[in-house]
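Notes for the one structure printed next.
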Amino acid sequence: MPAQKKRVFNSMREQIIAALDIGSSKICCFIARVSESDDGLSYRPRVIGIGHQVSKGLKSGTVIDMEETETSIRAAVDAAERMAGGSPIHDVYVNVSAGQPKSSFFSVEVDVAGHEISQLDIDHVLSAGQKNLQNEDRFIIHSRAISYSIDGVAGAKKPLGMFGDTLGVKIHASSVALSPLKNIQTCLNHCHLNLKAAVLTPYASALAVLVPDEREIGAICVDIGGGLTSISAFRDNEFIFGEVLAVGGHHVTRDIAQGLSVSEVRAERLKTLFGSCLTDRVPARDQIDIVQTSEVGQEQAITIPRSMLTAIVAPRVEEILELVRDRIIETGLADLAGRRIIFTGGASQISGLEELARKIFSADWSPELRGDFHIRLGRPINVDGLADATAGPMFSACAGLLNYGAESPDDVHSISADKVKIGIFSRFGLWMKQNF
Ligand SMILES: Nc1ncnc2c1ncn2[C@@H]1O[C@H](COP(=O)(O)OP(=O)(O)OP(=O)(O)O)[C@@H](O)[C@H]1O
Ligand SMILES: [Mg+2]
């Protein structure tokens with residue numbers, strides 16, 4: 001666990017926090033107790049309440065029917081509250097996938113006149129960076145100082161106490177379109193919930209599934225959900241990239257429904273029970289029973305070779321993985337974030353995905369990658385108290401929201417960072433007084 005800033009605990013040295021994952025397939029609420037570790041440096045959430053509900057009123061993470069979304073949110077939150085002992089929650093950490101999340105980077109420099117770099121200098125350079133964050137249509141959801149430079153030499157991790165003439169900072173800003181975020185906030189308010197912080201879905205998933213070494217050395221996390229696939233990257237313990245692609249497990253289900261003329265409910269079942277993305281691994285003699293629905297609504301039970309199902313599933317999963325690979329190449333993440341990918345999210349459970357990903361992310365299949373990637377599947381590992389049924393990869397984003405709430409990282413400017421912002425500006429005022 002990285003070094004943490006001190007947080008305020010009640011007399012029992014613990015806090016209750018709540019997370020709400022608004023996904024395209026399910027809405028999930030986790031309530032957790034966060035206790036300070038003995039050394040006072042880490043805060044590991046222990047889940048005490050869980051509620052999840054099929055999500056209604058959303059399409060690919062975007063609210064399309066507020067009433068339906070609110071009903072699903074209320075049901076998930078009610079169940080979690082009851083399991084946690086009945087006290088109502090108010091503040092929630094919520095994930096955001098809508099509004100075409102985008103990562104951008106910029107650097108700013110300030111003059112520190114050769115003296116020892118103080119916290120006020122660091123605040124000054126971060127405040128200077130804030131000016132670059134203003135954007136009328138897009139909301140900056142996270143803005144993290146990902147590295148510092150002194151006199152143009154990059155790589156300073158902790159510039160505090162060092163000497164130099166100029167102090168620079170590289171900032172990673174994640175932005176989303178404002179309207180979808182406002183719609184989520186309005187739904188929450190109608191449910192008497194307060195948006196404590198909005199967290200980008202890929203960021204939350206990575207917090208849940210990456211081990212500390214992966215966060216430090218560099219790793220990419222890919223959450224394949226129902227309607228969306230999100231990509232995030234960490235390096236030097238910092239969130240350095242987050243993006244969402246509009247493809248996921250639902251597309252596989254829809255392909256099966258269309259290709260085999262079955263209902264979506266039946267297609268979903270066929271996918272999870274018999275689907276595979278390895279065409280050469282399904283024995284030719286394997287047969288499955290399906291119930292087809294004709295155009296006039298008549299149902300007919302037939303038996304088909306299982307390879308027919310695989311021939312539908314495999315190309316779609318391959319397409320999703322290739323889209324992810326292309327983004328990793330286009331954005332330079334292959335060089336920036338190391339050569340390790342952790343797949344999570346409900347649809348990462350499609351049989352054979354890990355092996356197919358290993359093929360696609362190899363230099364043989366994709367020479368542009370210039371080397372093989374290490375691939376593993378991930379599930380939430382950084383929270384305690386999850387039962388087997390809720391410890392699977394589909395709960396990574398929700399668990400990661402708890403990790404975010406427990407760590408409460410300092411954003412240079414964010415929806416959650418009003419206090420931090422005030423902190424920076426008040427210290428900035430002092431810096432002005434001391435230096436001019
Ligand atoms: N055992 C399984 N095998 C294959 N696919 C599965 C399995 N379990 C769940 N899925 C698929 O996972 C998808 C849902 O994943 P998840 O719960 O992570 O999505 P979500 O968070 O609700 O949606 P999103 O992240 O896209 O907004 C569905 O398409 C579902 O069919
Ligand atoms: Mg999800």
Side-chain angles (χ1 to χ4, degrees), residues 19-30 50-64 69 72-73 76 94-101 176 180 184 199-209 221-232 242-257 263-278 309-310 312-314 316-317 320 323-324 342-354 356-357 377-380 388-401:
L20 189 66
D21 171 9
I22 305 182
S24 339
S25 310
K26 45 114 195 31
I27 292 189
C28 175
C29 177
F30 283 176
I50 296 169
H52 52 97
Q53 191 66 24
V54 172
S55 79
K56 295 217 174 99
L58 287 143
K59 192 166 183 238
S60 301
T62 304
V63 177
I64 51 166
T69 306
S72 305
I73 291 176
V94 178
N95 65 322
V96 174
S97 317
Q100 294 96 37
V176 293
I184 290 177
V199 185
L200 214 61
T201 304
Y203 183 12
S205 299
L207 288 176
V209 304
C221 174
V222 177
D223 180 319
I224 313 181
L228 303 165
T229 292
S230 34
I231 310 170
S232 57
E243 205 173 86
V244 175
L245 309 174
V247 283
H250 288 170
H251 295 78
V252 182
T253 307
R254 229 168 288 147
D255 287 350
I256 298 171
S263 68
E264 286 212 1
V265 174
R266 289 200 165 106
E268 177 74 26
R269 194 166 168 276
L270 288 170
K271 177 179 77 174
T272 47
L273 287 182
F274 308 110
S276 169
C277 35
L278 300 173
L309 176 67
T310 314
I312 297 172
V313 173
R316 178 61 93 166
V317 178
I320 295 174
L323 280 173
V324 171
I342 294 87
F343 285 92
T344 192
S348 70
Q349 298 172 98
I350 293 177
S351 171
L353 182 130
E354 190 179 1
L356 179 61
L377 299 181
R379 52 179 61 230
D388 283 354
T390 45
M394 59 212 299
F395 296 100
S396 296
C398 201
L401 289 171

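Atoms within each ligand, like the ligands themselves, are counted from 1 in listed order.
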Open item on the list: To the closest 0.5 Å, what do you measure between CG (D21) and OG (S396)?
Closed with: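 If I round to the nearest 0.5 Å, the distance is 9.5 Å.
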Open item on the list: Which protein residues come within less than 4.0 angstrom of ligand 1, counting heavy atoms only?
Closed with: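 Close residues (ligand 1, cut-off 4.0 Å): G23, S24, S25, K26, G225, G226, G227, L228, G249, H250, E268, K271, T272, G345, G346, A347, Q349, I350, M394.
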Task: Set of salt bridge (charged side-chain N to carboxylate O under 4.0 Å, His left out) partners for R269, sequence neighbours left out - done: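 Once residues adjacent in sequence are excluded, R269 has no partner under the salt bridge (charged side-chain N to carboxylate O under 4.0 Å, His left out) criterion.
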- [ ] Check I342, D223, L401 against S205 for a side chain to side chain contact (heavy atoms under 4.5 Å, CB included) and give me the one that passes.
- [x]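 The option that passes is D223.
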Task: Contact check, side chains of L245 and I320, non-hydrogen atoms, under 4.5 Å - done: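 Of all side-chain heavy-atom pairs linking I320 with L245, none is under 4.5 Å.
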Open item on the list: Is any side-chain heavy atom of T229 closer than 4.5 Å to one of L323?
Closed with: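 With C-beta onward as the side chain, the pair stays apart.
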- [ ] Please name the residue in the list S60, S24, S25 that meets the side chain to side chain donor-acceptor pair (under 3.5 Å) test with H250.
- [x]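 When side chain to side chain donor-acceptor pair (under 3.5 Å) is applied between H250 and each of S60, S24, S25, only S25 qualifies.
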